[in-house]
Each structure stands twice: as structure tokens, then as C-alpha cells.
Amino acid sequence: MFDLSGKVAIVTGGNGGIGLGMARGLAGAGAAIVIAARNAEKSRAAVRDLEARGASASAVETDVTDEKSVAAMVEAAIARCGRLDILVNNAGTNIRRPAHELGTADWHKVLDTNLTSAFLCSKAVHPALKRNGGGKIINIGSMMSIFGASFAPAYAASKAGIVQFTKSIACAWARDNIQANAVLPGWIDTDLTRRARDEVPGLNENVLRRTPTGRWGAIDDMAGIAVFLASPASDFITGAAIPVDGGYSVQG
Ligand code: NDP
């Protein structure tokens, strides 16, 4: 039910953090992984990490905000691996400033990287998934898909948008046997949140106090949900937004 042997997955931003945690999960279930990110050196290290676990992995230098680069990503994945079954739209960024201090260029940067990228990549893989008779798209939202964020309005808007975009492609592509779901991670220890801990006073204490499990998530906490949503086990689940948050979103 969870077997991904013979399947090929693109993981955007898979060269570190949550993307790498998900790539490890998918690789462990048998999928070949194509990491799509900008930093080639970091991607090479992630490929080595996956190969050391016995996986088949490669990287393609990609800017997910650039339609041409995204088209080249899909072409390279199919040329190398012969097919495409799974897309994880994980690449993301944040610029932490309240709305009254946030510049328009910064607003667009966050929206382009977190939301428009998911549109570009999903649209680009759709023909290949349809040709295969189906596929899986996993979009990464956030707790800020649910909650407001006084210090990150563009991020929260982009992550709320991810949920509605997921529902929309889930409806549109269900008859193509493509399931699209969103994952809403809680506070996971990555480069992105390490920076946030420095920039947002009291964040670490708040996360520990508010998260019922009493800890930050590790990137490997994201592996199971990736396997579930990429595998036949989730074939009747589409358009869902699933928190993986140690209970953060249900704590009153
Ligand atoms: P990281 O900073 O570790 O990872 C972000 C990844 O996105 C990097 O691999 C980066 O690679 C890639 N990326 C950024 N911009 C682009 C671009 N233009 N083109 C291609 N790749 C890009 O952070 P996380 O692992 O924490 O974040 C991963 C996702 O999870 C994001 O969408 C984030 O919003 C989300 N998330 C994270 C949470 C957390 O607590 N950590 C909580 C909720 C959601 P490179 O620089 O090489 O391009």
C-alpha cells in the first residue's frame, strides 16, 4: 500500500529542511528522487545524503519562480527517469515584516516563491501525470494557512492561497486520477525557522509552550505524511489540508 518502487518524484526545495525530510521518506519507500532547487552545492549534498540511504537521486538546478526553468525541470526529470509520478511543491521563503513595513517587491517575492511556484510546477507536471494515468501532488502550507501572522503577512497570504489552490486542482484533476493535498507543518527545525528564532523575540519559548508534544518537529517527522500522500494508501484523499504539527493547531 505504501510502496513507491518504480515511481519518480520531483521535490522542489528538496536540498534541505522539510523537502529533504520528505525526499528521504519517498526514497525509503522506493521512489527515485529529483531535487529541484537553486543552490547546486547544497543539492549535491542532498543527493549524496539520499544515495547513502540506497536511493536513486539526482538534482536539477531550478528557480521555481521562473516558468522556463520549471519547464526545463520537468523535461530533465522525464529525460533522466523516463516518467514522473509525484510532485512535492515545497520550495518556500519568508520575509518577516508587518504589513505597514513590507515593500511591494518583498510581497511579490514571497508570493512568487511560495504560491505562484506551486501553480507553475503543478501545471508543468500535469500532462506527464495524466499520461501515466494518474499521480500525486503534495503542496506545503503552514500553520499560517490557518492562523494570522502579524509579522509575516505575505507568507500567511501565500500559505492560505496554497490550501485553496490545492482544493482547486484537486477538483479539476480528480478525473485524471491525480490527487492533490496540502501538508501544514507546525514548527519544524530548519534553516528557515533557525533564522526566525533569531528575528522573532520569544519564538522558541512560544513554540515549546504552545506545541502539545513540547518540542520542535524534526525534518524526518515529515517523511511519513509524504509517503502516505504519494502512495496508493491515499487514493481516495484529495483536496485535504493535513496538519503535521505535534498538535499545535488544536491547542486551545
Ligand atoms: P528551508 O529554507 O530549509 O528550505 C527552503 C527550500 O526552498 C530550500 O531548499 C531552497 O533551496 C528552496 N527555494 C527557495 N526559493 C526557491 C526558488 N526560487 N527556486 C527553487 N527553490 C527555492 O526551509 P524549510 O524546510 O523550513 O521550508 C520548506 C517549506 O516548508 C517552505 O515552503 C516553508 O514555507 C514550509 N514550512 C516550513 C515550516 C517550518 O517550521 N520550517 C513550517 C511550515 C511550513 P535553494 O535556496 O537552493 O533554492
Side-chain angles (χ1 to χ4, degrees), residues 1-4 7-14 18-19 21-23 25-26 29 31 33-34 36 62 64-65 67 70-71 73-74 77-78 83-92 110-147 155-186 222-245 249-250:
M1 191 183 272
F2 298 107
D3 185 17
L4 299 177
K7 305 284 187 192
V8 177
I10 293 178
V11 183
T12 72
I18 288 174
M22 289 192 153
L26 298 175
I33 307 296
V34 178
T62 308
V64 291
T65 66
E67 196 161 8
V70 166
M73 164 190 88
V74 173
I78 294 173
R83 57 183 292 132
L84 192 53
D85 305 277
I86 301 154
L87 167 68
V88 182
N89 281 313
N90 163 80
V110 174
L111 268 289
D112 286 352
T113 306
N114 296 3
L115 181 57
T116 307
S117 63
F119 159 65
L120 294 177
C121 295
S122 302
K123 187 178 170 190
V125 302
H126 176 252
L129 301 192
K130 190 173 171 178
R131 220 170 27 242
N132 284 349
K136 303 280 190 178
I137 297 178
I138 303 170
N139 295 328
I140 307 307
S142 161
M143 286 298 99
M144 285 151 206
S145 301
I146 309 171
F147 302 112
Y155 186 85
S158 71
K159 294 299 186 179
I162 277 285
V163 172
Q164 291 304 103
F165 175 68
T166 303
K167 292 178 187 174
S168 302
I169 56 172
C171 294
W173 298 342
R175 298 293 170 99
D176 300 329
N177 192 29
I178 296 168
Q179 290 83 47
N181 291 289
V183 174
L184 314 184
M222 306 306 295
I225 190 72
V227 173
F228 175 59
L229 291 178
S231 71
S234 60
D235 276 355
F236 200 54
I237 301 174
T238 197
I242 304 176
V244 179
D245 66 349
S249 59
V250 296

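Atom set for the values below is all heavy atoms of this structure, side chains included, hydrogens, waters and symmetry mates excluded.
- Side-chain contact between Val64 and Leu120: absent, with no pair of heavy atoms (C-beta onward) separated by less than 4.5 Å.
- Note: Ile78 CD1 to Arg131 CZ = 5.5 Å, rounded to the nearest 0.5 Å.
- Between atom OG of residue Ser158 and atom CG of residue Leu111 there is a gap of 6.0 Å, rounded to the nearest 0.5 Å.
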Open item on the list: Let's go through Ser122 and Asn89 carefully: what are the C-alpha distance in whole Å and the side-chain angles of both, what is the deciding distance for side chain to side chain donor-acceptor pair (under 3.5 Å) to 0.1 Å, and is it a yes or a no?
Closed with: CA-CA 8 Å; Ser122 302; Asn89 281 313; 3.1 Å; yes

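- The side-chain heavy atoms of Phe147 and Ser249, taken from C-beta on, include a pair separated by under 4.5 Å.
- To the nearest 0.5 Å, atom CD1 of residue Ile225 and atom OG of residue Ser234 are 8.5 Å apart.
- Residues Gly239 and Lys167 share a closest heavy-atom pair of O-CG, 3.6 Å.
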- [ ] Give the intermediate values and the outcome of side chain to side chain contact (heavy atoms under 4.5 Å, CB included) for residues Gln179 and Ile237.
- [x] CA-CA 7 Å; Gln179 290 83 47; Ile237 301 174; over 6 Å; no

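- The distance from atom CG of Leu87 to atom CG of Asn139, rounded to the nearest 0.5 Å, is 7.0 Å.
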TODO: With side chain to side chain contact (heavy atoms under 4.5 Å, CB included) as the test, would you mind laying out the steps for Met22 and Ile140 before giving the verdict?
DONE: CA-CA 11 Å; Met22 289 192 153; Ile140 307 307; 3.6 Å; yes

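- Between Ile86 and Ala230, the shortest heavy-atom contact is CD1-CB, 3.9 Å.
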TODO: Tell me, with the steps shown, if Ile138 and Thr166 meet side chain to side chain contact (heavy atoms under 4.5 Å, CB included).
DONE: CA-CA 8 Å; Ile138 303 170; Thr166 303; over 6 Å; no

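- Between Ile178 and the choices Thr238, Ile169, Ile137, the side-chain contact (heavy atoms from CB on, under 4.5 Å) rule is met once, by Ile137.
- Side chain of Ser231 to backbone of Val227: a donor-acceptor contact under 3.5 angstrom is found.
- Closest of all the heavy-atom pairs between Ala23 and Val11 is CB-CG2, 4.2 Å.
- Rounded to the nearest 0.5 Å, atoms CG (Leu26) and CG (Leu4) are 6.0 Å apart.
- Taking each heavy atom of Arg83 and Asp85 in turn, the nearest pair found is NH2-OD1, 2.6 Å.
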Open item on the list: Assess the residue pair Met73 and Cys121 against the criterion (side chain to side chain contact (heavy atoms under 4.5 Å, CB included)); give the C-alpha distance rounded to whole Å, side-chain angles, the decisive distance to 0.1 Å, and a yes or no.
Closed with: CA-CA 9 Å; Met73 164 190 88; Cys121 295; 3.9 Å; yes

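- Asn114 places none of its side-chain heavy atoms less than 4.5 Å from the side chain of Ile162.
- Nearest heavy atoms, Ala91 versus Thr12: N-OG1, 2.9 Å.
- The shortest side-chain heavy-atom distance between Ser142 and Leu184 does not fall under the 4.5 Å cut-off.
- What you find for Leu115 and Gly161 is that their closest heavy atoms are CD1-C, 3.6 Å.
- By the 30° and 60° cut-offs, the orientation of the rings of Phe228 relative to Phe2 is tilted.
- By the 4.0 Å N-to-carboxylate-O rule, Lys136 lies close enough to Asp235 to be salt-bridged with it.
- In this structure, CD in Glu67 is found 7.0 Å from CZ in Phe119, a value given to the nearest 0.5 Å.
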